[in-house]
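Written out below as structure tokens is the structure these notes cover.
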Amino acid sequence: MKKTTTHLADGRELIYFDLDGSPGRDTVDRRPPERVDSSPELRLDPATGDWVAIASHRQGRTHHPPTDACPLCPSDDGHSSEIPAADYDVAVFENRFPSLAGRSGRCEVVCFTPEHGASFADLTEDRARLVLDAWTDRTERLSSLPGVEQVYCFENRGAEIGVTLAHPHGQIYAFPFVAPRTAKMVAAADRHRSATGANLFEELLTEARATPSRLVLAGEHWTAFVPYAARWPYEVHLYPHRRVRDLTGLTEAARAEFPGMYLELLRRFDRLFHREGGAVQAAPTPYVSAWHQAPKTGGRELALHLELFTVRRSADKLKFLAGVESGMDSFVNDIAPEAAARRLREAAS
């Protein structure tokens, strides 16, 4: 991997990650140095103890632009984007409309490919590995920043999820606090260690590997399964067999196997609602892909894993977070985890 760090006209950092042999990255951002007036604020909800980011400047962020005005495509003679180069492999830059910034954290955008109409599932294994290397690099770098407690790498895919830019990309949040879901996991793992003397996540993985009805895909270094109490219609957790705190702890063997397994999972998600001779053929499956990594403070029991899920429950129906989920944070799942796992096995390449 070749890494090149530069800056955009307004001072934001831009990092190119290239496969060996890629050209030099010296193209200058020729746009006017106009920085968005962004000053996100963190407020603590005293009733729950949760932090809330107030980022009103995001109301003006770019919203479903035409393809020829996409800010994530490479720049050309008729269009200057966030990426000045005429081509790239993977590019990461500071978000122009961040939810977190300054003492309140940092937000970055990860562009997976220069191809506007592609998706992560279209990447080659070499390119998917390059994205993994970029996630790992950013996890290490952002974790070292003063005040950062947790690094969260994720991808939102599809308008149904709320994506406002169609170009294949993900994001990285550097939180100055431990996210609520992570805090719950850490507490559960600590209780499990106190009660049993064992690691909760190692036992979850062992149980899943011994439960064929919820198993989706198994490799030498990774296993993908539907959790026993899945919250989403189709939800898969991908665990490395060797427990590590974050992406920086993965072995080379695990890194080498990850691209093939992850790409297969994404392609199965895209085949979930496409049946031979079916009357309804859904658009590409919307999903959230989320890396759960241990925070800097505490979390020694937490295990790195990826959670991949979709809000689509059938070809023409979505799972909405209505009164019970949004109002009480209590989930109801319309599809049995065992049935979801079976369908995901049926969608194999």
Under the side-chain contact (heavy atoms from CB on, under 4.5 Å) test, which residues partner [X], sequence neighbours left out?
X      : value
Asp137 : Lys3, Phe17
Val324 : Ser330, Val332
Lys317 : Arg313, Ser314

Q. Do we see a donor-acceptor contact under 3.5 Å between the side chains of Thr136 and Arg255?
A. yes
Q: Tell me yes or no: between the side chains of Gln150 and Thr182, is some donor less than 3.5 Å from an acceptor?
A: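 The answer is yes; a qualifying pair exists.
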Q: For Tyr287 and Tyr234, run ring-ring contact (aromatic ring centres under 6.0 Å, His included): C-alpha distance rounded to whole Å, both residues' side-chain angles, the deciding distance at 0.1 Å, then the answer.
A: CA-CA 9 Å; Tyr287 63 75; Tyr234 292 91; over 10 Å; no
[atom1]/[X]: more than 12 non-hydrogen atoms of other groups inside 6.0 Å:
X      : atom1 : result
Arg193 : CZ    : yes
Glu203 : CD    : yes
Asp37  : CG    : no
Arg138 : CZ    : yes
Glu325 : CD    : yes

Between the side chains of [Y] and [X], is the shortest nitrogen-to-carboxylate-oxygen separation below 4.0 Å, so that they form an ion pair?
X      : Y      : value
Glu41  : Arg43  : yes
Asp133 : Lys2   : no
Arg343 : Glu346 : yes
Arg157 : Asp270 : yes
Glu301 : Arg191 : no
Arg268 : Glu264 : yes
Arg312 : Glu235 : no

Q. Of all residues at least two apart in sequence or in a different chain, which pass the salt bridge (Lys or Arg N to Asp or Glu O under 4.0 Å) check with Glu125?
A. none
Q. Which residues satisfy the salt bridge (Lys or Arg N to Asp or Glu O under 4.0 Å) test with Glu94, sequence neighbours excluded?
A. Arg106
Q) How would you list all residue pairs meeting side chain to side chain donor-acceptor pair (under 3.5 Å) that involve residues 52-73, not counting sequence neighbours? A) Arg58-Ser99
Q: Verify side-chain hydrogen bond (donor to acceptor under 3.5 Å, both in side chains) between Arg31 and Ser80, making sure each step is shown before the conclusion.
A: CA-CA 7 Å; Arg31 298 174 299 175; Ser80 294; over 6 Å; no
Could you tell me which residues satisfy ring-ring contact (aromatic ring centres under 6.0 Å, His included) with [X], sequence neighbours excluded, listed by chain and number?
X      : result
Tyr16  : none
His116 : His167
Phe331 : Trp232
Tyr152 : Phe154

Q: Would you check, one step at a time, whether the test side-chain contact (heavy atoms from CB on, under 4.5 Å) holds for Met261 with His221?
A: CA-CA 10 Å; Met261 291 197 67; His221 302 283; over 6 Å; no
Q: Among residues two or more places apart or on two chains, list those pairs meeting ring pair (Phe, Tyr, Trp, His ring centres under 6.0 Å) that have a residue in residues 178-211.
A: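 Residue pairs passing ring pair (Phe, Tyr, Trp, His ring centres under 6.0 Å), neighbours aside: Phe201-His305.
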Q.
By the definition side chain to side chain contact (heavy atoms under 4.5 Å, CB included), identify the one residue from Leu247, Thr139, Thr248 that meets it with Leu304.
A. Leu247
Q.
If the condition is side-chain hydrogen bond (donor to acceptor under 3.5 Å, both in side chains), which residues does Ser143 pass it with, not counting sequence neighbours?
A. none
Q) His79 versus Ser81: any side-chain heavy-atom pair under 4.5 Å? A)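 With C-beta onward as the side chain, the pair touches.
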Q: Evaluate the ring planes of Phe120 and Trp135, with Trp represented by its six-membered ring, and classify them as parallel (under 30°), tilted (30 to 60°) or perpendicular (over 60°).
A: parallel
Q: Would you check, one step at a time, whether the test salt bridge (Lys or Arg N to Asp or Glu O under 4.0 Å) holds for Arg243 with Glu202?
A: CA-CA 7 Å; Arg243 177 167 63 93; Glu202 289 178 346; 3.0 Å; yes
Q) Would Arg96 and Arg12 satisfy side-chain contact (heavy atoms from CB on, under 4.5 Å), going step by step from the backbone distance to the final call? A) CA-CA 8 Å; Arg96 191 179 181 209; Arg12 287 177 295 130; 3.6 Å; yes
**Q.** Criterion side-chain contact (heavy atoms from CB on, under 4.5 Å) on Val216 and Leu265, from CA distance to verdict
**A.** CA-CA 9 Å; Val216 175; Leu265 287 176; 3.9 Å; yes
